[in-house]
Amino acid sequence: MPGVEHVNRYLTLEDVDVEGKDVLVRSDLNVPIDDGLVGDDFRIRSALPTLERLVHAGARVSVCSHLGRPKGADLSLSLEPVARRMGDLTDVDVAFDGPGDIRVFENTRFSEGETSNDPATSEQLANDFDLFVQDAFGSVHRAHASTVGVAERVQSVAGPLLDNELKAFDRFLTDPGRPYTVVLGGAKISDKLGVIDNLLPKVDRMLIGGGMCFTFLKARGHEVGGSIVQEEMVEAVAGLLDGPNGRKIILPVDIAVGDEFDEDTTRTVVGASEIPAGSIGLDIGPSTAAGFRELIESSASVFWNGPMGVFEWERFRRGTDLIARALAACQGFTAVGGGDSAAALRLLGLDDTVSHLSTGGGAGLELLEGKILPGVAVLERWVQ
Ligand code: 3PG
Ligand code: MG
């Protein structure tokens, strides 16, 4: 992996002796919590092997993570249910905020100094530990106390999950097989406009579906009825479409619409330039899905982030379903990031079919843009 060694220089668990040491692991345990219960536990299951390995190697293990975006302490975002689920998934003893084989700390974002990367907060976090293991791939694009500050203060290495993710993404960064296709969906274009702008020159095609496609259709001058549009972004998107790489952007040609934003609304397919005034776009249409499918299957590398429609609703799942199947059928290198796309794959029983299923959302996208992620960059100082 020459690219990884070039861009990211860090030590790993292979380079250190952990026996008898107090080790703090930063995992990304930011999972959906519904009524105090863990929903999708993919990130917890992904974090566990590193923690178990450290326990079996004789370390005293503590793990910290953020959960959600609380403003101060908010018990609905406690890591207690996460610790409980972790305990259900492993044979080692897991304790929430108390001594155990694995000690799970409370939500790092309950402390104000976390997101501001406050020195005192970082100091406090680092204080009792001999070693810091950064394993939270999904969070290393944040320069917070638990991702950067702590790693400036105690010897730090990259954990196996982080290392594995960086190596997988390196395929896209150093020498992506071509055609290289990125498929983007999800609702919010404001989160992804910068990514699209930076990624377009690097890719061969960018397929746009999901809620964000309506801002693109609007920018093309189409009426989109009652579909979700981020008005303040329309001008910037028009600039992208008219820009030097605008022809790489592939938009839907048809849309599955409903009369209201409701699971049971009637599903009708209309042309993407003919969405009726009273209709709401809820999925890409069948012609779009077929076209996207061909482009995906004929690609040598594909990255997918964000569902094509409201995939939680059976009637509006087809677009996402077809994209997932196209990735499964693609012979090239395929990676999927973002909680919703990963959840869609699992819902369809296709999570084993892609080359790399990432635990990251925004972190993966920022990496693909060519950005240096602060939580990775900080590890370099421990390399002799
Ligand atoms: C994620 O879910 O994308 C990561 O855990 C980061 O969360 P954040 O966007 O709230 O920083
Ligand atoms: Mg996020």
Side-chain angles (χ1 to χ4, degrees), residues 181-193 196-197 200 203-299 304-327 340-341 344:
T181 300
V182 168
V183 189
L184 291 181
K188 271 201 159 175
I189 188 187
S190 50
D191 284 357
K192 289 181 182 148
L193 194 66
I196 295 172
D197 201 8
L200 262 183
V203 305
D204 298 305
R205 327 142 159 163
M206 190 174 290
L207 318 183
I208 307 277
M212 68 158 91
C213 80
F214 302 105
T215 304
F216 279 82
L217 293 171
K218 182 108 196 229
R220 274 261 165 90
H222 301 316
E223 289 307 323
V224 295
S227 310
I228 169 182
V229 167
Q230 277 171 295
E231 294 290 349
E232 72 285 1
M233 300 263 118
V234 170
E235 212 181 299
V237 169
L240 273 181
L241 288 167
D242 295 335
N245 293 300
R247 57 172 182 82
K248 294 182 183 175
I249 300 175
I250 319 270
L251 297 181
V253 293
D254 59 351
I255 298 290
V257 300
D259 295 333
E260 45 195 324
F261 193 79
D262 187 285
E263 181 160 11
D264 298 317
T265 190
T266 315
R267 179 181 187 276
T268 313
V269 174
V270 299
S273 58
E274 296 153 2
I275 301 177
S279 296
I280 304 171
L282 297 170
D283 192 10
I284 56 173
S287 301
T288 304
F292 281 12
R293 180 175 191 153
E294 244 180 76
L295 290 170
I296 291 168
E297 288 187 9
S298 64
S299 293
W304 175 33
N305 180 302
M308 296 291 105
V310 190
F311 76 97
E312 298 90 338
W313 297 346
E314 222 215 308
R315 243 172 227 183
F316 299 96
R317 184 175 298 164
R318 270 179 235 177
T320 302
D321 184 307
L322 271 167
I323 295 317
R325 287 178 205 285
L327 260 93
D340 286 338
S341 324

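All values derive from a computational prediction rather than experimental measurement. When a residue number appears, it is its place in the shown sequence, counting from 1. Basis for what follows: all heavy atoms, side chains included, without hydrogens, waters or symmetry-related copies.
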Atom pair [atom1]/[atom2] of [X] and [Y] - distance to nearest 0.5 Å:
| X | Y | atom1 | atom2 | value |
| --- | --- | --- | --- | --- |
| I228 | L282 | CD1 | CG | 10.5 Å |
| T181 | W304 | OG1 | CH2 | 14.0 Å |
| E260 | T266 | CD | OG1 | 8.5 Å |
| D340 | E312 | CG | CD | 6.0 Å |
| E235 | L240 | CD | CG | 12.0 Å |
| D204 | N245 | CG | CG | 10.5 Å |

Sequence-distant partners of D254, side chain to side chain contact (heavy atoms under 4.5 Å, CB included), two or more places apart:
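Partners of D254 under the side chain to side chain contact (heavy atoms under 4.5 Å, CB included) test: V269, P286, S287, T288.
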
If you count the non-hydrogen atoms of other residues, nucleotides and ligands that lie under 6.0 Å from [atom1] in [X], is the total more than 12?
| X | atom1 | answer |
| --- | --- | --- |
| E263 | CD | yes |
| R318 | CZ | no |
| E314 | CD | no |

Result of checking V182, I296, L184, I323 against L207 for side chain to side chain contact (heavy atoms under 4.5 Å, CB included):
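That would be I296.
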
Side chains of [X] and [Y]: does their closest heavy-atom pair fall under 4.5 Å?
| X | Y | answer |
| --- | --- | --- |
| K192 | N305 | yes |
| V270 | P276 | yes |
| V310 | F261 | yes |

Show the numbers, then the answer: is there a side chain to side chain contact (heavy atoms under 4.5 Å, CB included) between R317 and D283?
CA-CA 7 Å; R317 184 175 298 164; D283 192 10; 5.8 Å; no

Give me the atom names and distance for the closest heavy-atom approach of [X] to [Y].
| X | Y | answer |
| --- | --- | --- |
| S190 | M233 | CA-SD, 3.7 Å |
| G281 | S227 | N-OG, 2.9 Å |
| E297 | A326 | CG-O, 3.7 Å |
| I284 | G319 | CG1-CA, 3.7 Å |
| K248 | V203 | NZ-O, 2.8 Å |
| S341 | P307 | OG-N, 4.1 Å |

May I have the list of side-chain donor-acceptor pairs in residues 212-226 shorter than 3.5 Å, sequence neighbours left out?
from, atom 1, to, atom 2, distance (Å)
T215, OG1, Q230, N, 3.1
K218, NZ, E231, OE2, 3.2

Determine whether I208 and I196 satisfy the following criterion, side chain to side chain contact (heavy atoms under 4.5 Å, CB included), listing intermediate values before the conclusion.
CA-CA 10 Å; I208 307 277; I196 295 172; 4.3 Å; yes

Residues forming a side chain to side chain donor-acceptor pair (under 3.5 Å) with R267, sequence neighbours excluded
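Scan of R267 (side chain to side chain donor-acceptor pair (under 3.5 Å), adjacent residues dropped) gives none.
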
Tell me if a side-chain donor or acceptor on R205 pairs with a main-chain N or O of I250 at a distance below 3.5 Å.
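It does not hold such a pair.
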
Please answer whether the main-chain N or O of E294 pairs with a side-chain N or O of S298 as donor and acceptor at a distance below 3.5 Å.
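Such a contact is found between S298 side chain and E294 backbone.
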
